[in-house]
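Beneath this line is the structure, given in structure tokens, with notes to follow.
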Amino acid sequence: MLQELSEQEEIRRTKLAELKKLGINPYPAEEFKVNVTAQDIKENYVGNEDNYKNVSFAGRIMSVRDMGKAAFAVLQDSTDRMQIYVRRDDICPAEDDKQLYDVVWKKLLDIGDIIGIEGYVFTTKMGEISIHVTNFKLLCKSLKPLPIVKTDAEGNSFDEVTDPEFRYRQRYVDLLINPKVKKTFEQRTTIINTIRTFLNEGGALEVDTPVLQSIPGGATARPFLTHHNALDIPLYLRIANELYLKRLIVGGFDWVYEFSRNFRNEGMDRTHNPEFTILEFYVAYRDYFWMMNTTEKLLEKIAVDLHGKTELTVGDKTINFAAPFKRVTIFDAIKEHTGVDVSKMNEAELRGVCKQLHLEIDDTMGKAKLIDTIFGEKCEGNYIQPTFITDYPVEMSPLTKKHRTEEGLVERFELMINGKEIANAYSELNDPIDQRARFEEQVELMERGDDEAMFIDYDFLRALEYGMPPTAGIGIGIDRLCMLMTNQPSIQDVLLFPTMRPEAKAELTPQEN
RNA sequence: GAUUCCGUAGCUCAGCUGGUAGAGCAAUACACUUUUAAUGUAUGGGCCCUGGGUUCGAGUCCCAGCGGGAUCACCA
């Protein structure tokens, strides 16, 4: 690849050559033994000074303050930043050879380089805990100038790199120079660890199910299509893993879960990425009431593990994750926010209501979709505090068990938080004959023009015919949950490498021509 | 997919009604042995996203494309 180098890049390459000329390997192979981290020093040095008289530390140079025959620099390791103090006559004790300081340190090192140092910890006149360097070694020469973000004593940052394109495409730089970014991703992992611990302690088994599926089932969405050469068959990237986890319940596991990376070939925006993560779990002999109790306990625990409290600030709202959450049926929700009781209405009456409310509808929409539209437009955004919306119409829940008492409804809930759906759960449909009929209704919907209807998975039906115990299941959108819990406005801020259009068109290789 | 805003130095940004580019940080050079957004002096660095067009003249105006953000549609 041909690339034009900027002035600063040329200079760094020249320095690289000079280092080599001096016999310094800019990319040494041998390990550099580190015996302390920045965080360790900052937390433990005071009161334990004797333990920090011989430290070995490594990090990336983030700034340098050169003062002639001495200098301060800030190194960043994986835990924090640490100031170091380098004095010429300490690292170059010989009277006639000051090259290591005058040439290597002052001329040939740059911001962004990674060095290892040895020395002792002390506190400067200004009161900052620092390492007094007795020896240093270049561990990696950096050839690209690192954008500098400066921060003053009040915590104001200057020249912060905010360009989203730069940040998402070069996340490695974003992570280095914007400490808050790193924290968000550490929090994401904390959330996932909390969930995993919660489920494992409850007796759940983590499993892996196929990502490549010949029938993209378990949800309604446009899939990504690929092709397997050896079998010469089309394969889809999964849009959900639901049907596989239920097969495992048939197979005798009582509680299974999977953090499922799903792929949906649809639009992208602040809350959608083509690949995203859903946690699904299925528990035998439970119903959706048990699932509500479990879900609210889990979310409360996540909030507490992450922030030490249940009340969080999200944007300009305060959200309280303390269990129990409010529960409202979808019909009551609609009645509350529109004044209309749609619970006994037929399709024609529902169309009338939609018209009155000025909602856009079309002929392909069935009864359930009309209800869902009313709820989505008029109600959903109002549920800022965690709320379970329950008891949906049967038509749009083809995998859900019919309600134990209410005709035409299913035992389903969605968890709404901050006006968005975070989780979707059911008492799972385990009647194989009913399930087959529901799939067939989906085919009819598809023929009517609904391009979101489900495919029929005959092997899944076969599994149900062997018998699946009554089961409660849930899917929780992990990315959106992370957005909430870390107060990030965009899904791209909780995905390390969000999907982006390629920077340049890939050059055609000769073979392809 | 639609609408709209944006794209200028490594980074953050100026650049008025069109007259061939500026600042701060970063870089280079010099000074400075406890600084912390270190400081002082000097210097260099730009296919102004790409391609057309209008014009004597385009970073600036028009059109198309590429890339990004926001809003909407679809969805989780």
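Chain naming here is simple, since letters A, B, ... match the order of the sequence lines and numbering starts at 1 in each. Hydrogens, waters and symmetry mates play no part in the numbers below; they use all other heavy atoms, side chains included.
Here F158(A) does not pack flat against the base of G24(B), since the 5.5 angstrom centre distance and 30 degree tilt limits are not both met.
Between R13(A) and E9(A), none of the side-chain N atoms (NZ, or NE/NH1/NH2) sits under 4.0 Å from a carboxylate O, so this pair counts as no salt bridge. Ion pair K246(A)/E280(A) not flagged as a salt bridge, since none of the NZ, NE, NH1 or NH2 atoms sits closer than 4.0 Å to an Asp/Glu carboxylate oxygen. Salt bridge status for K369(A) with D372(A): absent, with no side-chain N to carboxylate O gap under 4.0 Å. Salt bridge status for R261(A) with E275(A): present, with a side-chain N to carboxylate O gap under 4.0 Å.
As rounded to whole Å, 11 Å separates atom P of A27(B) from atom NZ of K141(A). Between the CZ atom of F122(A) and the P atom of U33(B) there is a distance of 16 Å, given to the nearest Å. Atom pair E242(A):CD and A76(B):P shows a separation of 12 Å (rounding to whole Å applied). For the pair D66(A) CG and U35(B) C1', the interatomic distance rounds to 11 Å; values are reported in whole Å. In this structure, D89(A) places its CG atom 12 Å from P of U34(B), rounding to the nearest Å. Rounded to an integer number of Å, the gap from NE2 of H132(A) to P of U33(B) is 14 Å. For the pair D102(A) CG and C32(B) P, the interatomic distance rounds to 10 Å; values are reported in whole Å. In this entry the distance linking CD1 of I11(A) with C1' of U43(B) reads 11 Å, nearest Å.
For G69(B), the OP1/OP2 oxygens have a side-chain nitrogen or oxygen of Q492(A) closer than 4.0 Å. Side-chain N/O atoms of R65(A) include none lying less than 4.0 angstrom from OP1 or OP2 on U39(B). Under 4.0 angstrom from either OP1 or OP2 of G68(B) there lies no side-chain N or O belonging to R167(A). The side chain of K150(A) places an N or O atom within less than 4.0 Å of a non-bridging phosphate oxygen (OP1 or OP2) of A38(B). Taking only side-chain nitrogens and oxygens, K144(A) never comes nearer than 4.0 Å to OP1 or OP2 of A27(B).
The E421(A) side chain lies nearest to A76(B) when the options are A76(B), U35(B), C25(B). Among the nucleotides U36(B), G69(B), A26(B), the one closest to the side chain of I111(A) is A26(B). In the set G68(B), U35(B), U33(B), the nucleotide with an atom closest to the side chain of E165(A) is G68(B). Closest to the R169(A) side chain, of the nucleotides G68(B), U28(B), U34(B), is G68(B). Here the nucleotide nearest the side chain of T124(A), chosen from A76(B), C32(B), U34(B), is U34(B). The D269(A) side chain lies nearest to A73(B) when the options are U28(B), A37(B), A73(B). Between A37(B), U33(B), U36(B), one nucleotide has an atom nearer to the side chain of D152(A) than all others, and that is A37(B). Considering only the side chain of K125(A), U34(B) comes nearest among A37(B), A27(B), U34(B).
Across all strands shown, U33(B) remains unpaired; no Watson-Crick or G-U wobble contact has both distances below 3.5 Å. Partner assigned to G57(B) is none, using Watson-Crick or G-U wobble distances below 3.5 angstrom. Across all strands shown, C72(B) is found opposite G1(B) as a Watson-Crick or G-U wobble partner, with both distances under 3.5 Å. Using the Watson-Crick or G-U wobble rule with both distances under 3.5 Å, G24(B) pairs with C11(B). With a 3.5 Å ceiling on both atom-pair distances, G46(B) lacks any Watson-Crick or G-U wobble partner. The partner of G67(B), taking Watson-Crick or G-U wobble pairs whose two distances both stay under 3.5 Å, is C6(B). In this structure, G18(B) forms no base pair with any nucleotide, since neither Watson-Crick nor G-U wobble geometry is met with both distances under 3.5 Å.
When all heavy atoms of D269(A) and I491(A) are compared, the pair lying nearest together is O-CG2, 3.9 Å. Heavy atoms only, all atoms of each residue included: M62(A) and Q76(A) are closest at CG-CB, 3.5 Å.
Within the nucleic acid shown, R88(A) has no heavy atom closer than 4.0 Å to any nucleic acid atom. Among the atoms of the strands shown, none is found under 4.0 Å from any heavy atom of D90(A). Within 4.0 Å of R264(A), counting heavy atoms only, lies at least one base atom of the nucleic acid.
Within the structure, side chain to side chain donor-acceptor pair (under 3.5 Å) contacts touching residues 97-107 of chain A (residues at least two apart or in different chains) are D89(A)-K98(A).
Annotation for K183(A): atom NZ does not count as buried by contact number, only 12 or fewer foreign heavy atoms lying within 6.0 Å. Surrounding NZ of K182(A) are more than 12 heavy atoms belonging to other residues, nucleotides or ligands, all under 6.0 Å away. Within a 6.0 Å radius of CG in N54(A), no more than 12 heavy atoms belonging to other residues, nucleotides or ligands are found.
Here F166(A) pairs with P147(A), V161(A), D163(A), Q170(A), V173(A) under the side chain to side chain contact (heavy atoms under 4.5 Å, CB included) rule; sequence neighbours left out.
For the segment residues 72-84 of chain A, the set of residues with a heavy atom within less than 4.0 Å of an atom of RNA chain B comprises F72(A), Q83(A), in numerical order. Within residues 476-488 of chain A, the residues approached by RNA chain B to less than 4.0 Å at the level of any non-hydrogen atom are R480(A), in residue-number order.
Defined by atom type and a distance below 3.5 Å, a donor-acceptor pair is present between the side-chain atoms of R412(A) and S397(A). Looking at D40(A) and Y52(A), their side chains do bring a donor and an acceptor atom within 3.5 Å of each other.
Two residues, S490(A) and N273(A), neighbour RNA chain B, and the one matched to the more 5' nucleotide by heavy-atom proximity is S490(A).
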Polar atom pairs between nucleotides 2-5 of chain B and protein, under 3.5 Å, N or O only, would you list them?
none

Polar atom pairs between nucleotides 6-15 of chain B and protein, under 3.5 Å, N or O only, would you list them?
| unit_1 | atom_1 | unit_2 | atom_2 | d |
| --- | --- | --- | --- | --- |
| G10(B) | N7 | Q8(A) | NE2 | 3.3 |

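Classified by interplanar angle (parallel below 30°, tilted 30° to 60°, perpendicular above 60°), the ring pair F413(A)/F388(A) is perpendicular. Taking the six-membered ring where tryptophan is involved, the planes of Y120(A) and H132(A) are essentially parallel, since the angle between them stays under 30° and well short of 60°.
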Practice prompt. Could you give me the CA-CA distance, side-chain angles and deciding distance for L19(A) and V104(A), then say whether side chain to side chain contact (heavy atoms under 4.5 Å, CB included) is met?
Written response: CA-CA 8 Å; L19(A) 284 163; V104(A) 179; 4.3 Å; yes
